[in-house]
Amino acid sequence: MVQKAGTKRSEGGEEKALPALPSNCCKTPHGILFRIVVQKSLRPAVGKREIKKSLGKDYRQAIS
């Protein structure tokens, strides 16, 4: 039996699909990245246009 990408075989032989990556996260060659845009009115206080945070390379841990 060939296992499809993004699935995990459970003990009963059933394939279990992984949850989808949230829309504010993206996959990079270095791992999974969380990105959110800062509102224009808050940019002077925050000092950034967007906030980025690395969630690591493990897909399951990143989506939780």
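The first residue of the sequence shown is numbered 1, and numbering continues consecutively from there.
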What's the shortest heavy-atom distance between Leu21 and Tyr59, and which atoms?
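Between these two residues, the closest heavy atoms are N-OH, 3.3 Å.
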
Heavy-atom closest contact (Ile32 atom, Lys27 atom, distance):
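Minimum heavy-atom contact is CG1-CG, 4.3 Å.
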
So how far is it from [X] [atom1] to [Y] [atom2], rounded to the nearest 0.5 Å?
{"X": "Cys25", "Y": "Arg35", "atom1": "SG", "atom2": "CZ", "result": "10.5 Å"}
{"X": "Ile63", "Y": "Leu55", "atom1": "CD1", "atom2": "CG", "result": "10.5 Å"}
{"X": "Arg49", "Y": "Arg43", "atom1": "CZ", "atom2": "CZ", "result": "5.5 Å"}
{"X": "Lys53", "Y": "Ile51", "atom1": "NZ", "atom2": "CD1", "result": "11.5 Å"}

Would a hydrophobic clustering, with Ile, Leu, Val, Met, Phe, Trp and Tyr connected at side-chain separations under 4.5 Å, put Leu33 with Ile36?
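Leu33 does not cluster with Ile36.
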
Tell me, please, which residues at least two apart from Lys40 pass salt bridge (charged side-chain N to carboxylate O under 4.0 Å, His left out).
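For Lys40, no residue satisfies salt bridge (charged side-chain N to carboxylate O under 4.0 Å, His left out) once neighbours in sequence are set aside.
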
Ion pair present between Glu50 and Lys52, side-chain N to carboxylate O less than 4.0 angstrom?
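Salt bridge between Glu50 and Lys52, a charged N being under 4.0 Å from a carboxylate O: yes.
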
